[in-house]
Amino acid sequence: KKDNLNLRNEVSTIASVRDETYYSNIGNVTFSRYRNTRAKLAFSQGTCENIHEFVDILESMYSRTFLEKESNDLITTTVFESVDGIKTQKGKANIVHVNGVWMDNDGGSLRHSDLLSILPRTQMVCFNTFSHTAEKERYRVFIPTLHAMSSDQYEEVFDAIIARVVQDHGPNHGFDLSKRPATSLFYAPCQADNAADSFFIRLLDAPRSPLVPKDWLARRPIIVPKHVSATRSTGQGGDLSAIFARYEEQIVLPGRGNEAFKELALSLYGKGLPEEDIRAILPEKAYLAKHPEQRLAQIDPILAWCRQSFG
């Protein structure tokens, strides 16, 4: 087995490789379990030779019952290591690599069956959280990846998946964007508090296959809703490309996220775009920001401010 230093070096080169058919750590899934969110060290670790073996372990956990969710343990497929001079044990600086993508849905309008349709050829495992009910869905998703990723690559792939969801479903999807970092821990599968509403779905067979990170890294979506063109002429005779270009220049500057996002919305209003179109565009543009979750939270207040500004 490769040591962690070699794995870290291999994973760091993945983004630059485009034509190779081999990637480090293909097939293997290393996981760790923690007693609670405060635990510095895992109480259990293991490496599975393939995704089916790992999902078998997840499914075996699913039968467990708890009186409260905090009694459950947490799981991650991120590999951490101690680093000289770094006090943390599971911070970003400690990440060696991560396999698979984890996502939490906390009750938006995107039901788990909708997600399965949005990614029809991607392997995934989907199961209830402790607080899930049939009327108010809350669920957790694990998407296997072909190979290991660095923490930065993980976040970019996460962003690309969210952008795809926003394109096909809209911004009210319910996914917890605070779980974007690869340092996140997730409660392991268990029965829902209302056990009758529990579910565990494993979709690993053809035509589904593992997500290929390099494909999503190479084509991080720049999404405009299907009914809006990025160069569409508006009622005032202008187009949107210059507005988008200025926003993309400004949003990467330190300390400009809040104002750049407001200026984008105001400019779109000024061009005469209907509010429903602006509301559809803003979530996609939020994912170009350093803190997309903050920009997403701004959308409703900004639109209200724009309405006031334009009377």
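In this structure, His112 and Tyr139 have perpendicular ring planes: the angle between them is above 60°, well past the 30° mark. Taking the six-membered ring where the residue is Trp, Phe200 and Tyr62 present tilted rings, their angle falling between 30° and 60°. Using a 30° and 60° split on the angle between ring planes, Phe54 and Phe31 fall in the tilted class, from 30° to 60°.
The pair Arg279-Asp300 meets the salt-bridge criterion, with a side-chain N (NZ, NE, NH1 or NH2) lying under 4.0 Å from an Asp/Glu carboxylate O. Under the 4.0 Å criterion applied to side-chain N and carboxylate O atoms, Asp176 and Arg140 are not assigned as salt-bridge partners. Here Glu293 does not pair with Arg180 in a salt bridge; the nearest charged N to carboxylate O distance is not below 4.0 Å.
Partners of Asp114 according to the salt bridge (charged side-chain N to carboxylate O under 4.0 Å, His left out) rule, which considers only residues two or more places apart in sequence or in another chain, do not exist here. Every residue two or more places apart in sequence or in another chain was checked for a side-chain hydrogen bond (donor to acceptor under 3.5 Å, both in side chains) with Thr122, and none qualifies. Applying the salt bridge (charged side-chain N to carboxylate O under 4.0 Å, His left out) criterion to Asp193, with sequence neighbours excluded, gives no partner residue. The salt bridge (charged side-chain N to carboxylate O under 4.0 Å, His left out) search around Asp197 returns none, not counting sequence neighbours. Applying the salt bridge (charged side-chain N to carboxylate O under 4.0 Å, His left out) criterion to Asp106, with sequence neighbours excluded, gives no partner residue.
Of all heavy-atom pairs spanning Ile95 and Ala182, the tightest one is CD1-CB, 3.8 Å. Here the closest heavy-atom approach between residue Ser184 and residue Ser178 is recorded as OG-O, 4.1 Å. Here the shortest heavy-atom pairing between Ala160 and Trp216 reads CB-CE3, 3.5 Å. Considering all non-hydrogen atoms of both residues, Arg111 and Ala134 come closest at NH2-O, 3.3 Å. When all heavy atoms of Pro181 and Glu155 are compared, the closest pair comes out as CA-OE2, 3.6 Å. Residues Ser151 and Lys92 approach most closely at OG-CE, 3.3 Å, considering heavy atoms.
Note that the CG atom of Leu211 and the NE2 atom of His147 stand 9.0 Å from one another [nearest 0.5 Å]. How far CE of Met149 is from NE2 of His97: 9.5 Å, rounded to the nearest 0.5 Å. With values rounded to the nearest 0.5 angstrom, Leu303 atom CG is found 11.0 Å from Leu266 atom CG. Atom OG1 in Thr37 sits 9.0 Å away from atom CD in Glu70 (nearest 0.5 Å). Taking CD1 from Ile278 and NZ from Lys271, the interatomic distance works out to 12.5 Å, rounded to the nearest 0.5 Å. Of the inter-residue distances, the one linking Glu137 atom CD with Thr129 atom OG1 reads 10.0 Å to the nearest 0.5 angstrom.
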Which atom pairs, donor and acceptor, lie under 3.5 Å between side-chain atoms of residues 255-263 and protein residues at least two apart or in another chain?
| residue | atom | partner | partner atom | Å |
| --- | --- | --- | --- | --- |
| Arg256 | NE | Gln250 | OE1 | 2.9 |
| Arg256 | NH2 | Gln250 | OE1 | 3.1 |
| Arg256 | NH2 | Glu263 | OE1 | 3.2 |
| Arg256 | NH2 | Glu263 | OE2 | 3.1 |
| Asn258 | OD1 | Gln298 | NE2 | 2.3 |

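Put simply, the side chain of Arg64 gets close to the backbone of Pro189: a donor and an acceptor are under 3.5 Å apart. Checked by atom type and distance alone, the side chain of Lys136 never pairs as donor or acceptor with a backbone atom of Gly108 at under 3.5 Å. With hydrogens and angles ignored, the 3.5 Å screen pairs no side-chain donor or acceptor of Ser198 with any backbone N or O of Gln191. A donor-acceptor distance shorter than 3.5 angstrom exists from the side chain of Asn128 to the backbone of Cys190, with no hydrogens or angles considered. Judged by distance alone, with hydrogens and angles left aside, the side-chain atoms of Thr145 form no donor-acceptor pair with the main-chain N or O of Pro213 at under 3.5 Å. Checking side-chain atoms of Asp73 against main-chain N and O of Ala188 turns up no donor-acceptor pair under 3.5 Å. Without hydrogens or angle criteria, Arg164 side chain to Ile118 main chain gives a donor-acceptor distance under 3.5 Å. Between the side chain of Lys285 and the backbone N or O of Ala265 there is no donor-acceptor pair closer than 3.5 Å.
Within the 4.5 Å cutoff, no side-chain heavy atoms of Leu115 are placed close to those of Cys126. Side-chain atoms of Ile281 and Phe244, non-hydrogen and from C-beta on, do get closer than 4.5 Å to each other. Looking at heavy atoms from C-beta onward, Lys214 lies out of side-chain contact with Gln153 at the 4.5 angstrom threshold. You'll find the side chain of Val166 reaches within 4.5 Å of the side chain of His173, heavy atoms only. A 4.5 Å side-chain heavy-atom check between Met61 and Arg33 finds at least one atom pair inside the cut-off. Counting heavy atoms from C-beta on, the side chains of Gln89 and Ser82 come closer than 4.5 Å. A heavy-atom distance below 4.5 Å is found between the side chains of Leu116 and Met124.
Using a 4.5 Å cut-off between side-chain heavy atoms of Ile, Leu, Val, Met, Phe, Trp and Tyr, with links allowed through other members, Phe186 and Leu41 fall into different hydrophobic clusters. Under the 4.5 Å side-chain heavy-atom criterion for grouping Ile, Leu, Val, Met, Phe, Trp and Tyr, Phe130 is not connected to Leu58 through any hydrophobic cluster. Using a 4.5 Å cut-off between side-chain heavy atoms of Ile, Leu, Val, Met, Phe, Trp and Tyr, with links allowed through other members, Tyr154 and Ile51 fall into the same hydrophobic cluster. By the rule that hydrophobic residues join a cluster once side-chain heavy atoms approach within less than 4.5 Å of another member, Phe66 and Phe199 end up as members of separate clusters. A chain of hydrophobic side-chain contacts below 4.5 Å, direct or via other Ile, Leu, Val, Met, Phe, Trp or Tyr residues, connects Tyr287 to Val252.
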Query raised in the report: Is there a side chain to side chain contact (heavy atoms under 4.5 Å, CB included) between Leu273 and Leu240 once you walk through the steps?
Result: CA-CA 10 Å; Leu273 216 63; Leu240 307 181; 4.1 Å; yes

**Report entry** Audit row: Asp104, Tyr187, side chain to side chain contact (heavy atoms under 4.5 Å, CB included) steps and yes/no
**Finding:** CA-CA 10 Å; Asp104 264 358; Tyr187 282 107; over 6 Å; no

Report task. Please report the C-alpha distance between Leu264 and Glu248 in whole Å, then the side-chain angles of each, then the deciding distance to 0.1 Å, and finally whether the side chain to side chain contact (heavy atoms under 4.5 Å, CB included) criterion is met. Result -> CA-CA 10 Å; Leu264 170 64; Glu248 289 165 14; over 6 Å; no

Report task. Evaluate the side chain to side chain donor-acceptor pair (under 3.5 Å) criterion for residues Tyr269 and Glu275: first the C-alpha distance (whole Å), next the side-chain angles of each, then the deciding distance (0.1 Å), finally the verdict. Result -> CA-CA 7 Å; Tyr269 251 93; Glu275 183 173 317; 2.4 Å; yes

Requested in this report: In sequence, state the C-alpha distance, the side-chain angles, and the governing distance for Ser109 and His169, and then conclude on side chain to side chain donor-acceptor pair (under 3.5 Å).
Outcome: CA-CA 9 Å; Ser109 62; His169 179 80; 2.8 Å; yes

Requested in this report: Could you please spell out the steps behind the side chain to side chain contact (heavy atoms under 4.5 Å, CB included) verdict for Lys179 and Asn105?
Outcome: CA-CA 10 Å; Lys179 295 293 190 179; Asn105 192 293; over 6 Å; no

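Note that Arg35 lies in the cation-pi zone of Phe43, set by a 6.0 Å cut-off to the ring centre and a 45° limit from the axis.
Counted by atom type alone, Thr88 and Asn94 present one or more donor-acceptor pairs between their side chains at under 3.5 Å.
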